[in-house]
Amino acid sequence: MKARGRLGRVQWFNTWDPERRETVSCALSLLLVCVLSACAFVLPTSLLLFLVGINGLLVVHGVLCRGNIWGVVKLALIQLIITLGLYLILYGVESLIDGSVVVVRIVLATIPSWWLCITAAPERIGEVLSSFLPKKWAFVVAASLSLLPYMLDEIREIYQIQCLRGARITPKALRNPKNWSELVYCVLFPALILLLKLSHQMAVAAHSRHFGQHPRPTHWHSPRENDE
C-alpha cells in the first residue's frame, strides 16, 4: 500500500506541466538550502561530519551540472588564513582548532547557496520568493543571484588586467600589508563602479517593462531551461 501511494504521488507530480514542476523543485531546493545553512551554525560540532557528507553530495551534483567550485575553495582558503590569524593573535595557539571549526561552519553555510545558484534559474528563485516576499524584494534577490557569476568573472578579468599593468596585487606582493591599499584602488573600486553601473542598467530595464505597476507580475520561463 505504501509503495502504491508513493507511485501515485510520483505520477501525480509528473502530470504537472514542466513550468510548475520547475517552480516546485526550486521551492524545495530553496527550503533545503535554508535548512542546511542554518544547521551549519546551530548543529553541535559532533554532528558537523554528517553535514559535511550532505554538502559533499551537493558539491558533486553542482560540479556535474558544470558548476565551478574553485570560487568556494578560494573563499575557504582566504577565510581560513584570516580567521586563524586572528585567533592566533587574540587567543593563542590553543585556539586554532576552534578557529578551524568556525571556518568549516562558514564553508558549510556557503556551499548550499552555491549549489542553488548552479541548479536553479534566477527566474524560478524570484517566482518562489515572490510568493511570500514583496515583489520588489524578490526581484532584488533574484537579480543579485543572477549577477553573482557575472561579477566574479568581471572581477577576475579586472584583476588580471591590473596585474598585466604592473599593479602590486599578486599573491606574493600582497604578503606586504603596504600593498593592500593598491588592491582596493585597482580591483575593489573598479568592481564597485561596475556593480553600480549594472544595477542602474537593470533598474532601467525593469522600469521600461513597467515592473511594480501590476499587483501580480508574471514570471518568464526561459525556453533554454526546457531545452536543458
Side-chain angles (χ1 to χ4, degrees), residues 2 6 9 13 22-122 124-126 128-129 131-133 137-138 140-153 155-156 159 171 174-175 177 180 183 188 191:
K2 292 183 179 180
R6 293 175 183 173
R9 286 193 293 269
F13 180 79
E22 291 169 5
T23 302
V24 173
S25 299
C26 181
L28 295 176
S29 299
L30 187 60
L31 179 61
L32 176 64
V33 167
C34 293
V35 172
L36 292 179
S37 298
C39 289
F41 294 107
V42 301
L43 283 181
T45 306
S46 58
L47 296 179
L48 285 181
L49 187 60
F50 175 73
L51 195 60
V52 168
I54 297 178
N55 279 267
L57 295 177
L58 295 183
V59 169
V60 173
H61 183 250
V63 172
L64 292 177
C65 294
R66 300 179 181 180
N68 188 1
I69 192 61
W70 288 113
V72 179
V73 174
K74 293 178 181 178
L75 177 63
L77 292 177
I78 294 174
Q79 188 68 40
L80 182 65
I81 295 173
I82 295 175
T83 303
L84 292 185
L86 292 175
Y87 267 75
L88 181 62
I89 295 173
L90 296 176
Y91 305 109
V93 180
E94 63 276 3
S95 64
L96 292 181
I97 297 179
D98 296 332
S100 302
V101 173
V102 171
V103 175
V104 170
R105 290 183 182 275
I106 295 175
V107 174
L108 292 178
T110 305
I111 289 177
S113 301
W114 167 83
W115 173 77
L116 181 66
C117 294
I118 296 299
T119 58
R124 304 286 67 73
I125 297 176
V128 173
L129 292 177
S131 60
F132 58 90
L133 287 179
W137 282 105
V140 169
V141 174
S144 300
L145 291 175
S146 65
L147 279 179
L148 185 58
Y150 176 76
M151 284 301 302
L152 291 177
D153 292 337
I155 292 174
R156 187 181 300 110
Y159 175 81
L174 290 177
R175 295 176 184 175
W180 293 358
L183 178 67
L188 296 185

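Since we're looking at a predicted model, the values are computed, not measured. Residues: numbered from 1 along the sequence shown.
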[X] to [Y] - nearest heavy-atom pair and separation:
X: Leu36; Y: Pro112; answer: CB-CG, 3.8 Å
X: Gly62; Y: Ile118; answer: O-CG2, 3.7 Å
X: Thr83; Y: Gly99; answer: CG2-O, 3.8 Å
X: Ser37; Y: Ala109; answer: OG-O, 3.2 Å
X: Leu116; Y: Ser29; answer: CD1-CB, 3.9 Å

With a 4.5 Å cut-off on side-chain heavy atoms, are Leu32 and Leu28 touching? no
4.5 Å side-chain heavy-atom contact, Trp180 and Leu174: yes
Have a look at Tyr87 and tell me which of Val103, Asp98, Val93 forms a side-chain contact (heavy atoms from CB on, under 4.5 Å) with it. Asp98
Could you measure the distance from the [atom1] atom of [X] to the [atom2] atom of [Y]? Nearest 0.5 Å is fine.
X: Leu75; Y: Trp114; atom1: CG; atom2: CH2; result: 13.0 Å
X: Leu30; Y: Leu129; atom1: CG; atom2: CG; result: 5.5 Å
X: Ile125; Y: Cys117; atom1: CD1; atom2: SG; result: 6.0 Å
X: Leu88; Y: Glu94; atom1: CG; atom2: CD; result: 9.0 Å
X: Leu51; Y: Cys39; atom1: CG; atom2: SG; result: 6.5 Å
X: Leu43; Y: Leu108; atom1: CG; atom2: CG; result: 9.5 Å

Checking side chain to side chain contact (heavy atoms under 4.5 Å, CB included) for the pair Leu48/Val101: CA distance, chi angles, key distance, verdict? CA-CA 9 Å; Leu48 285 181; Val101 173; 4.2 Å; yes
Main-chain N/O of Ala40 paired to Arg105 side chain as donor or acceptor, under 3.5 Å: yes
Within a radius of less than 6.0 Å around CG of Leu49, do more than 12 heavy atoms belonging to other residues, nucleotides or ligands occur? no
If you count the non-hydrogen atoms of other residues, nucleotides and ligands that lie under 6.0 Å from CZ in Phe50, is the total more than 12? no
